[in-house]
Amino acid sequence: MARYNFRETEAKWQAIWQERRSFVAVQRSDRPKYYVLEMFPYPSGRLHIGHVRNYTLGDVVARFKRAQGFNVLHPMGWDAFGLPAENAAIAHKVHPAVWTYDNIRVMGEQLRIMGLAYDWTREVATCAPEYYRHEQKMFLDFLKAGLAYRKESLVNWDPVENTVLANEQVIDGRGWRPGAPVEKRQLCQWFLRITDFAEELLDGLKTLERWPDKVRVMQENWIGRSSGARLSFRRTDGVAEGIEVFTTRPDTLYGAAFVAISPNHPLAASLAAGNPALAGFIAECNRIGTSEAAIETAEKNGFETGLTVRHPFVEGAVLPVYVANFVLMDYGTGAIFGCPAHDQRDLDFARKYGLPVKAVVIPDGADADAFSVGTEAYTGPGTLRHSGFLDGLDVESAKQSAGERLEQTGQGRRTTVYRLRDWGVSRQRYWGCPIPVIHCAECGIVPVPDSQLPVRLPEDVSFDKPGNPLEHHPNWKHTACPTCGKPAVRETDTFDTFFESSWYFARFTSPGEATRGFDSAAADYWLPVDQYIGGIEHAVLHLLYSRFFTRALKRCGYLAVEEPFAGLMTQGMVTHQTYKDAEGGWLYPEEVEEKDGRAVNIDTGAPVAVGRLEKMSKSKKNVVGLEKVVDAYGADTARLLLMSDSPPERDLEWTESGIDGAWRFLNRLWRLATESPFALPPAGTPIPAVRSAKAEAALRAVHKAVAAVTEDLQKFHFNKVVARIRELTNTLAELDGSGAGEAEILRVGLEALCSLIGPIAPHIAEELWHSLGHDGLLADRPWPGFDPALITDDSVTVAIQINGKLRATITVARDLAASEIERIALAEPAVVRVLQDKPPRKVIVVPNRIVNIVA
RNA sequence: GCGGGCGUGGCGAAAUGGUAGACGCACCGGACUUAAAAUCCGUUGGCUUAUGGCUGUGGGGGUUCAAGUCCCCCCGCCCGCACCA
């Protein structure tokens, strides 16, 4: 018999699925809907095998849910705007659009050979005007709703990419993609008012029960809610305007020793105008920058301004005002009061500048007068002392009470602040969606009227000069003001590319919709996405932006849901060993072979250093090409390995032996179905009532496997699914046809195996299903059920322990009375031997499971 | 510093508080073969005086008839955030 010919088989079934439109989704009410989505890729070039784990995970879910009777939507598209296209344009003199669409074509082909059950009729590319025109409209709606605004502010500037980055896109002081240190620049930029939703976005996390805790925590931290009070310190120099600070510890106000403002605080700037020394100090602070390394090593420095302010509660008491380098302008009010005894940073500062340290929170059990703070601030619980009206209160009550007093005296109010900043969406680049506004000298900022949408990117564009090509374009930006008709200039900034990915999941519900981004009825039918799958790296970026965007769209009447993704799975990376030659250069896996237990260069024989497991990436050359694997083993084999061994959220190591093992298994399954040593009865032959013990056990194994695989698929325990399928295959392989019913049960078992492995290895499953004599598609078959009576055995193995140690096992009838089990257990030779005639002190019998004898 | 996660054979991993190591990879032995590949069968946590015994889930304690699993303390690794007032 011929080996399994995966090349022919996979191509054949892919063609049939396409021809029969098997995975084209239709809105219908007779089945519950299920929307499964993988984070769509940026078309950057070619996919390697590591990329497709994500898509395979989604595909297994999609195919399983479809078999279970859900109306499944499983679309795919391209997050097609982005800087790499422009960099390629600069490096290779190729137009970004050409480069992008080339990559889409190549990567689309790659996805197709994996046999993924996508509804390709819904494919979208976000760089198409038919797509981005709708987000221009959304932006204008946001503008009307007050959710978009323009302001000048200090922003993150990436000097390599020559563009602004949002806070979320700066990691450790560096740009999120190329990793260049980010600078601060004062620029006029468009922002989306994500902070309007800070509370909702935080509260909404609680409803996302099918999200990993890790992601929820990360978003929680990013939004960063703190409750406290704002209060204004009155100046002693008669200036009416006070210094407003935010604090989470109003209870410690009696321990206040100073007030400090940020070097970027407006007051600091105005004071510096008449004070060269202060101006120098501020310049020094800004020079050091905000990078992590700089912050780590920077000493706490302050500059005494000479200003003093009045204590809010203590008549006559005054505090000095400093400019301090550790006070951030963009958190709270850009000013703090310092309570050295109960804040480590304030303590360090106070010690350095000789400020008083007065403990006002006394730990329970400590002597209020003797308690003092040395080099470590006390931040724990306790009782308020030396604190006027707060004396005797605990910390929580004192916060309350101090807040109330501030409100009563008109000096402040209790409030909540967030770490979250508004989302800056302006980018100074070409390959993005143009921001649809016009700057008119007379009328100011004028939205582009709907009738003039989309604002298309010009096709004739030059990348000769550094900076924004739209800015340099000879005529694109020149236009007439829609309001007054006079010459005006287009906005030349484009949107952050996270704009496109913030609503594509809604576009997929009605991708042909021409008047709006999507049809509301379609969005309301399909959304939220029931299962979203992607990398953890978007925990705060894309996943937070999308949650905000969905709420903003709801406010503007586009759709009804608030949370776009009801379930989220963050898959681990695919890793591979790394190889380096003597010069420290990376080598591809195919350049390395093993010889006498050592890794050597396949051409030169030179020794190769085997490095640690790392995420597959082009830069480390530890990638395995997708076509290479599919050519040698087929898509099913690759899919099987990607689902085996590791649970989805953990990393998966790609190895040659792993792919061999997966390939061996598929061939074993193939042989079992096509080369059985005894003839299978025709499809539909009933299983005889009288059957051999072996046949009976096999039948039960089939039902148990169906039950277990169904449950494990539901829980996304795909590695266990594969184990169950292998187990059943092993059991069926032991049938030799000698006993009554074996042939019928082998057929039933093989049919079940087709169904069970269908979501993972769909091509071979279809082929075997067909070869077993079925005409229809396995993909159209309902998920198999099981007989509950057959998944429990009539006899059970009961473990017998003495003092918790296993001494024997006995096989008894299921649900045998405890007293009977105890009698049998005590008669076991091993038990008798260990007990040596001494009567047991106690016997615990857990029916059908275990007996523990306490001797 | 704060937050989250993890720690089980040579490796990837299983295990509603109830027989630790399912399933696989690798290794070793055997069958088939002139030979190899492929395939099939078998062994494989460690120690041991071996049809048995002891021991074993990062370390230490605790709860329980029974702990990889629950509780407390400690160690190590990974990830995220971080001058956040």
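Proteins come first, then strands; the chains are lettered A, B, ... in the order of their sequence lines, and each starts at number 1. Just so it is clear, the values below take in all heavy atoms, side chains as well, and ignore hydrogens, waters and symmetry mates.
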Exercise. Between A/Asp213 and A/Arg216, is the closest basic N to carboxylate O distance under 4.0 Å?
Worked result: yes

Problem set entry | With A/Lys206 via salt bridge (Lys or Arg N to Asp or Glu O under 4.0 Å) - residues at least two apart | A/Asp203

Identify all pairs in which a protein N or O lies below 3.5 Å from an N or O of nucleotides 57-59 of chain B, and state each distance.
none

Problem set entry | Spacing of the P atoms in B/rA13 and B/rA31 (rounded, Å) | 36 Å

Problem set entry | Spacing of the P atoms in B/rA82 and B/rG21 (rounded, Å) | 45 Å

Side-chain donor-acceptor pairs under 3.5 Å in residues 709-720 of chain A, sequence neighbours left out?
{"from": "A/Thr710", "atom 1": "OG1", "to": "A/Val706", "atom 2": "O", "distance (Å)": "2.6"}
{"from": "A/Thr710", "atom 1": "OG1", "to": "A/Trp783", "atom 2": "NE1", "distance (Å)": "2.8"}
{"from": "A/Glu711", "atom 1": "OE2", "to": "A/Lys715", "atom 2": "NZ", "distance (Å)": "2.7"}
{"from": "A/His717", "atom 1": "ND1", "to": "A/Lys720", "atom 2": "NZ", "distance (Å)": "3.4"}

For this session: Any chance you could lay out the side chain to side chain contact (heavy atoms under 4.5 Å, CB included) test for A/Phe665 and A/Leu640, step after step, and finish with the verdict?
Result: CA-CA 9 Å; A/Phe665 172 70; A/Leu640 179 62; 3.8 Å; yes

Problem set entry | Euclidean distance for P, B/rG68 against B/rA20 (whole angstrom) | 8 Å

For this session: For A/Trp654, check side chain to side chain donor-acceptor pair (under 3.5 Å) against everything at least two apart and list the hits.
Result: none

Can you list, pair by pair, the side-chain donor-acceptor contacts under 3.5 Å of residues 795-817 of chain A, counting residues two or more places apart and other chains?
{"from": "A/Asn803", "atom 1": "OD1", "to": "A/Ala855", "atom 2": "N", "distance (Å)": "3.0"}
{"from": "A/Arg814", "atom 1": "NE", "to": "A/Asp793", "atom 2": "O", "distance (Å)": "2.7"}
{"from": "A/Asp815", "atom 1": "OD1", "to": "A/Asn848", "atom 2": "ND2", "distance (Å)": "2.8"}

For this session: Write down the distance separating the P atoms in B/rA50 and B/rU57, rounded off to the nearest Å.
Result: 26 Å

For this session: List in chain and number order the residues that pass salt bridge (Lys or Arg N to Asp or Glu O under 4.0 Å) with A/Glu614, two or more places apart in sequence or in another chain; answer none if no residue qualifies.
Result: A/Arg612, A/Lys620

For this session: Would you mind checking if A/Glu828 and A/Arg833 are paired as a salt bridge, meaning a charged N to carboxylate O distance below 4.0 Å?
Result: no

Problem set entry | Involving RNA chain B, stems made of at least three consecutive Watson-Crick or G-U pairs, both distances under 3.5 Å | B:1-7 with B:75-81, B:10-12 with B:23-25, B:28-31 with B:39-42, B:45-48 with B:52-55, B:58-62 with B:70-74

For this session: Check each residue of residues 329-351 of chain A for a non-hydrogen atom within less than 4.0 Å of any atom in RNA chain B, then write out the ones that pass by number, or none.
Result: A/Tyr331, A/Ile336, A/Arg345

Exercise. Between B/rC83 atom P and A/Asn325 atom CG, what is the distance in whole Å?
Worked result: 12 Å

Problem set entry | RNA chain B contacts made by residues 812-824 of chain A, counting heavy atoms under 4.0 Å | none

Exercise. Roughly how many Å is it from CG in A/Asp736 to P in B/rC40, rounded to a whole number?
Worked result: 16 Å

Seminar exercise, completed: Under a 4.0 Å heavy-atom criterion, the protein footprint on nucleotides 6-27 of chain B, written with B, S and -, is ------BSSSB-BB--BSSSS-

Exercise. In residues 247-265 of chain A, which ones come under 4.0 Å of RNA chain B, going by heavy atoms?
Worked result: A/Thr247, A/Thr248

Problem set entry | Gap in Å between the two C1' atoms, one belonging to B/rG45 and one to B/rG56, rounded | 8 Å

Listed pairs, N/O of protein and of nucleotides 77-80 of chain B, under 3.5 Å:
{"from": "B/rC79", "atom 1": "O2'", "to": "A/Lys214", "atom 2": "NZ", "distance (Å)": "3.1"}

Exercise. Which nucleotide sits closest to the side chain of A/Leu328: B/rC84, B/rC81, B/rC54?
Worked result: B/rC84

